[in-house]
Structure formats: structure tokens, C-alpha cells
Protein chains: 2
Amino acid sequence: MSEVKSSPPPAGGSTRARRKEDARARILAEARRIVLDQGFEALTMRRIAEAAGYSAAALYLHFENREAIARELGEAGMRALLDALAEAGKTVDPLQRLKALGLAYAAFGRAEPETYRLIFMEPGFAATALGGKDAAGAAAFALIGGVFQDLATAGRLRDGLDIESLALTFWIVLHGMVSLKLTCSAFLVASEEDLLATALDNLLHGALRPNREP
Amino acid sequence: MSEVKSSPPPAGGSTRARRKEDARARILAEARRIVLDQGFEALTMRRIAEAAGYSAAALYLHFENREAIARELGEAGMRALLDALAEAGKTVDPLQRLKALGLAYAAFGRAEPETYRLIFMEPGFAATALGGKDAAGAAAFALIGGVFQDLATAGRLRDGLDIESLALTFWIVLHGMVSLKLTCSAFLVASEEDLLATALDNLLHGALRPNREP
DNA sequence: GTCTATAATCCGATAGAC
DNA sequence: GTCTATCGGATTATAGAC
């Protein structure tokens with residue numbers, strides 16, 4: 001009755017609120033472990049509960065349902081991707097930054113394939129997460145956009161190129177590379193480094209000989 | 001006893017063999033319908049059986065298990081993709097052919113998103129299908145490789161470019177475009193035509209100004 | 001060849017005891 | 001808060017009658 005039950009626990013709240021937060025965090029951590037180890041389809045309430053040392057019913061005290069857990073995992077994954085890109089994003093030279101961002105993106109996909117799959121290859125998640133208020137996804141994309149903005153400012157881009165379209169194209173290349181590597185690894189034998197180097201080289205300099213107007 | 005029971009029915013066999021083949025075909029057709037309408041995860045033996053007018057148990061007389069049906073669907077899907085690319089592959093001019101192939105590929109992804117997902121985005125299928133004896137997948141990729149082979153023969157490529165790598169890069173762009181369109185459509189608002197035009201323009205001519213050696 | 005019936009599991013989610 | 005027990009459903013696959 002006297003307990004204030006407003007939204008999320010007011011940072012550093014009572015012991016009770018802290019315990020509740022700990023339980024939430026432990027559940028999410030085990031859920032993440034399951035996705036990483038066994039894939040998203042293995043994420044069931046029973047499995048999460050067992051891993052976290054709870055009964056399945058207890059999970060519903062901390063999360064509305066299974067989807068809520070999956071959603072939080074996806075959002076955390078998107079933040080993890082942003083973190084993975086942060087260091088590369090500090091590179092001063094735009095072209096080197098572009099390469100560093102590409103390598104970091106590819107490394108993330110290789111290090112956490114199931115997280116990547118959850119974020120970008122699972123139906124229903126990315127569609128809402130990216131378009132909505134998800135700051136992490138937008139910030140990650142902005143890192144790429146910044147490169148082409150800087151290139152444009154430096155006058156290094158051909159005339160008539162749209163920065164947004166260039167950033168999108170670059171992201172498309174990165175995603176195509178990472179996702180094909182996940183599903184068709186047997187066919188895509190080249191390393192991400194080589195694939196990225198080829199893609200970047202062609203995107204930036206073009207595959208055709210310059211001495212002719214097509 | 002006297003019935004020869006060797007492997008697949010010897011084309012145009014007995015009435016009995018034909019009937020059996022018809023049943024197989026009907027089951028596969030209904031399975032395809034389910035994937036197209038409700039997605040791959042909705043492909044269950046019960047649903048297939050109901051749609052085909054059989055009991056679930058009867059399916060096991062024609063297919064070893066659910067995975068066998070999914071595998072055949074995937075192989076048929078890969079052949080459908082090859083068919084969808086065939087017309088564009090006849091374009092004489094290599095650059096126009098590249099654009100036509102890209103548009104046809106994107107159109108296939110849009111027309112049969114669930115087939116595309118089954119082939120290239122579902123874990124476990126593409127990995128084996130492309131690397132193995134699947135002629136359709138290899139033939140489809142060869143259509144792309146042929147373009148760059150022709151460009152090389154015509155002396156239109158920059159020096160030092162590897163044809164295989166170029167083809168791979170182009171496929172990566174196409175797959176990145178189609179698959180992101182499927183999962184992040186809310187974020188990827190541009191049309192496939194525009195996306196492809198931008199990607200092709202940059203891949204072929206480069207984003208950087210030509211008048212400087214980086 | 002096709003059916004009904006069923007085994008053996010798994011799932012998400014809830015009720016109610018403590 | 002956490003548990004046990006359970007509901008109501010789903011799944012693949014098989015056994016045995018016809």
C-alpha cells in the first residue's frame with residue numbers, strides 16, 4: 001500500500017528493488033547464453049528458467065512473456081553491435097574508418113552469429129527495432145553515414161552522389177557479406193578481410209576502366 | 001515379389017508408379033503453398049496432410065520425414081530462382097545484362113519472399129545445397145560470373161581484378177539488398193530499382209573522384 | 001496405400017499453495 | 001516471490017487395422 005510502484009526502479013533503489021533487478025539481469029544473461037549457444041529457436045521459457053535456477057512460472061514475474069525477453073535480447077544485441085563499432089568509429093581518416101567499421105562489423109557477425117541472426121535475420125525483430133526509437137541501431141547506421149558525410153565535405157566524392165544512398169549501399173554490402181557467411185559458409189570460402197577489401201575497392205574506385213564514358 | 005523396386009520410377013512407368021508420383025507432386029505443391037502463404041515455420045506435417053487431403057501418417061509413405069520435404073522445396077526454389085534469372089541472362093550487352101540480372105533477382109525476392117528465405121536465410125539449407133551437387137545454384141551464380149568474364153574479355157575491367165571476386169561481390173550486394181528488404185523493410189524505404197542503381201553505379205564507376213591516387 | 005489412434009515430447013501460460 | 005501442478009495446445013513419428 002505504502003510502496004510506490006511507479007515504473008522502472010529509481011536507480012539504486014531499495015534492497016527489494018535491487019534484488020528484483022538482479023533476478024531480471026540473471027534471467028536475461030542466461031537467455032543470452034542460450035541464444036549464443038543453441039540459437040534463437042532454442043530460447044524457451046523452460047530452458048531459460050532451468051538455466052537461471054527458477055521455475056518457468058517465476059519468469060512471468062519479471063517479464064510479460066517470452067516475446068518480451070526476446071525483444072530485450074535484441075535491443076541488447078543492437079547495443080553490443082554499436083559497442084563493437086565504437087572503437088573503429090574513432091578512426092580519423094574517413095577511408096580508413098570505413099575499412100575499420102567494415103572489419104568490426106564483420107568481426108561482430110563472426111563472434112556472435114546468433115545475436116546477429118536475431119537482430120537482422122529473424123522476421124519481425126529488425127523491422128520494428130530499427131524503425132522505432134531504438135537509439136543503438138540508428139547510432140550504428142549514423143557511424144557509416146558520417147564517413148560519407150566527411151568524404152563529401154572533403155570533396156572526395158563524385159558529383160551527384162547521395163550520402164544516404166551511399167551509406168545504405170555500404171550497409172547492404174556488409175550485411176550481405178555477414179549473412180551469407182552465416183548461411184552459405186561452405187560456398188563463401190573467402191575471408192571477410194578479402195571480401196571486404198574487394199567490395200570496398202570496387203565501391204570506391206569502380207570496376208570499370210576510367211578511360212571511357214559508358 | 002515380382003515387382004522391381006529400384007530407385008526413382010523409371011520415367012513414364014506403370015500406372016501404379018504414376019499415381020505414386022502424382023501423390024508426391026501434390027504433397028509438394030501443397031507444401032510449397034503453405035511456405036508461400038504462411039512461411040517456412042508453418043510447414044508442419046499435419047498442415048501439409050490436411051491441405052493435400054491425406055492423413056499425416058500417409059506423408060511418410062512418400063517422404064522420409066519433414067526435412068526431406070523441406071529439402072525438396074528448397075531445391076525446387078533454387079531452380080525457380082534460376083528460371084527467374086534465365087531471361088535476363090540472355091541480354092547481350094554485359095552491363096545491361098548485369099542490371100537485368102540484378103532486377104530479376106530482386107523481383108524474385110519480392111515475389112517469393114518465403115522461398116527466398118528458405119533458400120538463403122534459413123540455417124542449414126543453403127550451406128549444403130550450394131556446396132553440393134545442386135546444379136541450379138551453381139548455374140545461377142555462373143550467370144553472374146559470365147558477365148564479368150565478358151567484361152574482362154572486352155578489356156573493360158580495371159587491371160588486377162579477380163572475376164570470381166567481382167561476381168561474389170555482386171551477389172553479396174544482391175543478397176544484402178533482398179534480405180534486408182525482407183527483414184528491415186521499414187528502415188529500407190528505397191525501391192529495389194533505386195538501391196540497385198546506386199549500388200551498380202558505385203560498384204562499376206567508384207564513389208571517389210577519379211582525379212587523385214589514394 | 002491410407003486410415004485412426006496414439007506414443008512421446010515439447011511448448012507458453014496460469015492457478016493456487018506457501 | 002517462488003514453487004508445484006496443470007491446462008490446452010502443438011509437434012514428429014509410429015503401430016496396427018483395413
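Just so it is clear: chains get the letters A, B, ... in the order the sequence lines come, proteins before strands, and each one is counted from 1. A quick note: this is a predicted structure, and the numbers were derived from the prediction, not measured.
Following rounding to the nearest Å, B:Leu61 (CG) and D:dA13 (C1') show an atom-to-atom distance of 12 Å. If you take CE of A:Met45 and C1' of D:dG9, they are 17 Å apart, rounded to a whole angstrom. The distance between atom CZ of B:Arg18 and atom P of C:dG1, rounded to the nearest whole Å, is 15 Å. For the pair B:Tyr54 OH and C:dC3 P, the computed distance is 8 Å after rounding to whole Å. Note: CD (B:Glu21) to C1' (C:dG1) measures 15 Å, nearest angstrom. Atom P of nucleotide C:dC11 and atom CG of A:Leu59 are separated by 13 Å, given to the nearest angstrom. Taking atom CD on B:Glu50 and atom P on D:dT11, their separation rounds to 10 Å, with Å as the unit. When rounded to the nearest whole Å, the span between CD of B:Glu67 and C1' of D:dT11 equals 16 Å.
Of the candidates D:dC3, D:dA13, D:dT11, the closest approach to any side-chain atom of B:Arg47 belongs to D:dT11. Nearest to the side-chain atoms of A:Arg66 among the listed nucleotides D:dT14, C:dA13, C:dT2 stands C:dA13. When distances are taken from the side chain of A:Tyr60 to each of D:dC3, C:dC3, C:dG12, the shortest belongs to C:dG12. Of the candidate nucleotides C:dC3, D:dT11, D:dA13, D:dT11 has the atom nearest to the side chain of B:Thr44. Of the candidate nucleotides D:dC3, D:dT14, D:dG1, D:dT14 has the atom lying nearest to any side-chain atom of B:Ala57.
No donor-acceptor distance shorter than 3.5 angstrom exists from the side chain of A:Asp201 to the backbone of A:Ala197, with no hydrogens or angles considered. Not a single donor-acceptor pair under 3.5 Å links the side chain of A:Ser165 to the backbone N or O of A:Leu161.
For B:Glu41 and B:Arg117, the salt-bridge test fails: no basic side-chain N is under 4.0 Å from an acidic carboxylate O.
Checking the phosphate oxygens (OP1, OP2) of D:dT2, a side-chain nitrogen or oxygen of A:His62 falls inside 4.0 Å. The side chain of A:Arg46 places no N or O atom within less than 4.0 Å of a non-bridging phosphate oxygen (OP1 or OP2) of C:dT9.
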May I have the list of side-chain donor-acceptor pairs in residues 84-93 of chain B shorter than 3.5 Å, sequence neighbours left out?
unit_1: B:Thr91; atom_1: OG1; unit_2: B:Ala88; atom_2: O; d: 2.8
unit_1: B:Asp93; atom_1: OD2; unit_2: B:Leu95; atom_2: N; d: 3.3
unit_1: B:Asp93; atom_1: OD2; unit_2: B:Gln96; atom_2: N; d: 2.9

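Cation-pi geometry between B:Arg66 and B:Phe40 is met: under 6.0 angstrom from the ring centre, within 45 degrees of the axis.
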